[in-house]
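A quick write-up on the structure given underneath.
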Amino acid sequence: MSEITIQDIIKPENLVYEKTKLMTDNALSYCPGCGHGTAHRLIMEVIEELGQENDTIGVAPVGCSVLAYEFMNVDMQEAAHGRAPAVATAIKRLWPGKVVYTYQGDGDLAAIGTAETIHACNRGENIVIIFINNGIYGMTGGQMAPTTLPGMKTSTSPYGRDVQSMGNPLKITELVSALPGTYYVTRQSVHTPAAVRKAKRAIKKAFQNQLDCKPGLSFVEIVSNCNSGWKMEPVQSNIWMEENMFPFYELGDIKVDGSLLAK
Amino acid sequence: MAELRLMKGNEALAEAAIRTGVDGYFGYPITPQSEVIEYLMAEKPFERTGMIVLQAESEVASINMLYGGGGTGKKVMTSSSSPGISLMQEGLSYMAGAEIPCVVANIVRGGPGLGDIQPAQSDYFQAVKGGGHGDYHLPVLAPASVQEMSDFVPVAFDLAFKYRTPVLIISDGLIGQMMEKVELFEQMPRLTDEEINERYPWATNGKPAGEERRILTSLYLDPHKLEKNNFKLQEKYRNIEADEVNYELIDCDDAEYIIVAYGSSSRISQKTIKLARAEGIKVGLLRPITLWPFPKNPIDDLVKKGVKGFLSVEMSAGQMVEDVRLTVRERTKVEHFGRYGGVIHSPEEVLEALKTKIVGG
Ligand SMILES: Cc1ncc(C[n+]2csc(CCOP(=O)(O)OP(=O)(O)O)c2C)c(N)n1
Ligand code: SF4
Ligand SMILES: [Mg+2]
């Protein structure tokens, strides 16, 4: 019998997974182990599956994902820090037939951009917001974020976040869920294969809502790790996230089809 | 038949926006320009042309709505007054960097700070020197009448799309609030989505099938790439300086002295010229219509013709006078006169200043 070569294996019938063509071939700028890349991929897979690649405009934030447009293979605008919801508002209003989403970190969305976030949600803009909550300012070197947990050490809370003097972590996702303008609000994670599958279903639902012109904004928080900012190994950071972030930022749907879910 | 109406400057600006075929107006109320958004809301432009109007949560939001909308190739506009325009500077810098067209009207009021709600021209530096961070300029048009508040809107949009840049219309509370007769231009059609795609291949409104995606950004992490983008911007600014200077000369042919004034101040100065000439003082007026690019050549020509002095008359502590001085380069006298903080100088005060600072000084 002749030997089997790799060429014999690479056949259409053996294909189990294919990278979406809506992710470019550019090498990701994220630290190994970071959740940003997985979140990017899920959004792009959803847009491809929904057949919207030629009708989607994405808005990138300022944060580690400022370069999202290098990786997401759709038309993209890079917004000023925190302003993506305002940018997306105008795009959607002027092109109501197109799919519009923002991708934002916690500093971007819940600190400097709080006003734009709240008001886009409250107006019920028919857009999708993907919110990556890693509890820290990754890009600028690990400073305290509005979402940093009590007692958590960062470069600007070197002795741990003291809520008396530094304020409490902001659950902005619960906050926007209370607004009549949000239609779907959920909190997910992407740290295990099972979580990734659930997060993808949530992202797909969010975009489907927009395509179906459902009344209101779809908001998907992804609680994610920042192993560099947290100064941990990737695996350790995921364990730390499960043990510390998830109890505070509980995973699951918060508002579905315009109705808050009972706790 | 031309349509004549008696209107406030702010209303003329708003009506002109509809007639220019603007796709979206995003604004936040502030005196003395709230009539712009009030007029637009009352007029229901969506029913007239399909134009949308949205009251934003802040000027920060409105300028970023312009970023988003302008970035898709739509004609977008906002208006505000001094404190609100200060809030927009980050957004304008981003739009200069990412080369996104839009039109922003500043109906200037007295400052600094909350200042007052009276007319002023004290935002000149902010308008013509860049305003936000980074090396950039924005074309700046200065209407001097309610008629020009209307006429300059389509002119501003032509510049904005020709050069892919935000364009400022800088007026003041006097022109914004006063009523004058206006001849309104005919309704221009809004561009269809297909026309936008044909004209603006850079617009990010959904990547065309089989083509590369479009990206609008002002981020270039590699300094050499950022320098290259700056070279490109500077080349654009040199082209604008070469081709887009606009100004008006009044009574300059035999003038020995020149008043340089724009907007409301140029209207006041026209009266001063009549008073001066009645006393035998030969004064002319150079009215910059574009504040940037600044009309350097006509000033240079007047210097070469032997003009004995320039008086820059502004409702500010002296801002444009610096550009007059840069052009005159000490070849002859240049002085400033103006009341400020919302106080408007009278033609007689200007005449007095002309006599003491330029003619007799
Ligand atoms: C106006 C302005 N202020 C501050 C910054 C600096 N800055 C850049 S990213 C960032 C925080 C980003 O944190 P986050 O949004 O949580 O994103 P992450 O990097 O964690 O994904 C800050 C403060 C900026 N670029 N612009
Ligand atoms: S700094 Fe943190 S958020 Fe940024 S890429 Fe690295 S791990 Fe991810
Ligand atoms: Mg973060």
Side-chain angles (χ1 to χ4, degrees), chain A residues 21-24 29 44 47 51-62 66-100 102 112-123 125 127 139, chain B residues 22-26 46 50-76 78 88-95 97-98 100 102 132 190 193 196 202-221:
Chain A
K21 64 179 191 297
L22 294 192
M23 284 295 282
T24 66
S29 51
M44 289 300 105
I47 288 168
Q52 298 301 314
E53 72 166 287
N54 301 120
D55 290 300
T56 297
I57 302 112
V59 184
V62 176
V66 66
L67 289 173
Y69 55 77
E70 292 288 345
F71 317 121
M72 296 178 172
N73 198 357
V74 293
D75 270 7
M76 298 279 297
Q77 295 190 6
E78 199 289 300
H81 196 20
R83 316 303 172 206
V87 171
T89 291
I91 300 174
K92 184 67 186 185
R93 293 223 177 195
L94 291 161
W95 299 85
K98 306 275 172 167
V99 174
V100 182
T102 72
I112 196 166
T114 309
E116 286 77 11
T117 303
I118 299 276
H119 285 280
C121 287
N122 197 47
R123 285 190 301 263
E125 300 296 342
I127 59 172
M139 187 196 207
Chain B
V22 167
D23 299 295
Y25 172 94
F26 304 87
F46 192 77
M51 171 183 176
I52 61 162
V53 186
L54 181 64
Q55 181 168 333
E57 61 270 31
S58 68
E59 291 86 351
V60 176
S62 23
I63 196 68
N64 284 285
M65 289 173 181
L66 263 54
Y67 184 103
T72 65
K74 295 275 184 181
K75 281 191 182 127
V76 288
T78 188
M88 293 184 191
Q89 293 307 323
E90 184 203 34
L92 287 168
S93 167
Y94 271 67
M95 291 174 93
I100 295 179
C102 73
R190 283 176 55 237
D193 293 352
I196 287 174
W202 48 264
T204 51
N205 49 39
K207 74 170 171 180
E211 289 180 26
E212 286 287 298
R213 75 192 189 289
R214 282 80 52 100
I215 296 166
L216 287 175
T217 183
S218 57
L219 177 74
Y220 298 86
L221 286 171

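Side chains are part of it too, since the values below use all heavy atoms of this structure and drop only hydrogens, waters and symmetry mates. A, B, ... follow the sequence lines: proteins, then strands. Residue 1 opens every chain.
Between B/Leu219 and A/Tyr69 there is a side-chain heavy-atom pair separated by less than 4.5 Å. Side-chain contact check for A/Gln77 versus B/Thr217: every heavy-atom pair is 4.5 Å or farther apart.
For chain A, no part of B/Ile63 is nearby; none of its heavy atoms comes within less than 4.5 Å. For chain B, no part of A/Ile47 is nearby; none of its heavy atoms comes within less than 4.5 Å. Heavy-atom distances place both the backbone and the side chain of B/Ala61 under 4.5 Å from chain A. Only the backbone of A/Ala79 comes within less than 4.5 Å of a heavy atom in chain B; its side chain stays farther off. With a 4.5 Å cut-off on non-hydrogen atoms, B/Lys74 touches chain A through its side chain but not through its backbone. Interface remark: A/Ile118 contributes no atoms to any contact with chain B (heavy atom separation under 4.5 Å). At a 4.5 Å heavy-atom cutoff, A/Gln52 makes no contact with chain B through either its backbone or its side chain. Looking at B/Tyr94, the atoms closer than 4.5 Å to chain A (heavy atoms on both sides) all sit in the side chain, from C-beta outward.
A distance-only check finds no donor-acceptor pair linking the side chain of B/Glu57 to the backbone of A/His119 [under 3.5 Å].
In this structure, CH2 on A/Trp95 lies 4.5 Å from CD1 on B/Ile196, to the nearest 0.5 angstrom.
Using a cutoff of 4.0 Å between basic side-chain nitrogens and carboxylate oxygens, B/Lys207 and A/Asp75 are not scored as salt-bridged.
Looking only at heavy-atom pairs under 4.5 Å with chain A, the residue among B/Gly69, B/Ser62, B/Gly24, B/Gly91 that has the most is B/Gly69. In terms of heavy-atom pairs under 4.5 angstrom with chain B, the leader among A/Leu94, A/Val100, A/Ile57 is A/Leu94. Comparing A/His81, A/Glu53, A/Lys92 by how many heavy-atom pairs each has under 4.5 Å with chain B, the most go to A/Glu53. Of the listed residues (A/Ile91, A/Thr56, A/Asp55, A/Asn73), the greatest number of heavy-atom pairs within a distance under 4.5 Å of chain B belongs to A/Asn73.
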Item to complete: Go through the steps to decide whether A/Arg93 and B/Leu54 satisfy the test side chain to side chain contact (heavy atoms under 4.5 Å, CB included), and finish with yes or no.
Response: CA-CA 9 Å; A/Arg93 293 223 177 195; B/Leu54 181 64; 3.5 Å; yes

Item to complete: May I have the step-by-step check of side chain to side chain contact (heavy atoms under 4.5 Å, CB included) for A/Glu78 and B/Ile215, ending in yes or no?
Response: CA-CA 8 Å; A/Glu78 199 289 300; B/Ile215 296 166; 6.0 Å; no

Discussion item. Please determine whether side chain to side chain contact (heavy atoms under 4.5 Å, CB included) holds for the pair B/Glu90 and A/Arg83, giving the CA-CA distance in whole Å, both sets of side-chain angles, and the decisive distance to 0.1 Å.
Written reply: CA-CA 11 Å; B/Glu90 184 203 34; A/Arg83 316 303 172 206; 4.0 Å; yes

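Annotation for B/Arg213 and A/Val74: closest pair CD-O, 3.3 Å, computed over non-hydrogen atoms. Closest non-hydrogen pair, B/Asn64 versus A/Ala86, comes out as CB-CB, 4.0 Å. Nearest heavy atoms, B/Phe26 versus A/Ala90: CZ-CB, 3.7 Å. Listed here is the closest heavy atom pair of B/Asn205 and A/Lys98: O-NZ, 3.0 Å.
Annotation for B/Phe46: atom CZ does not count as buried by contact number, only 12 or fewer foreign heavy atoms lying within 6.0 Å.
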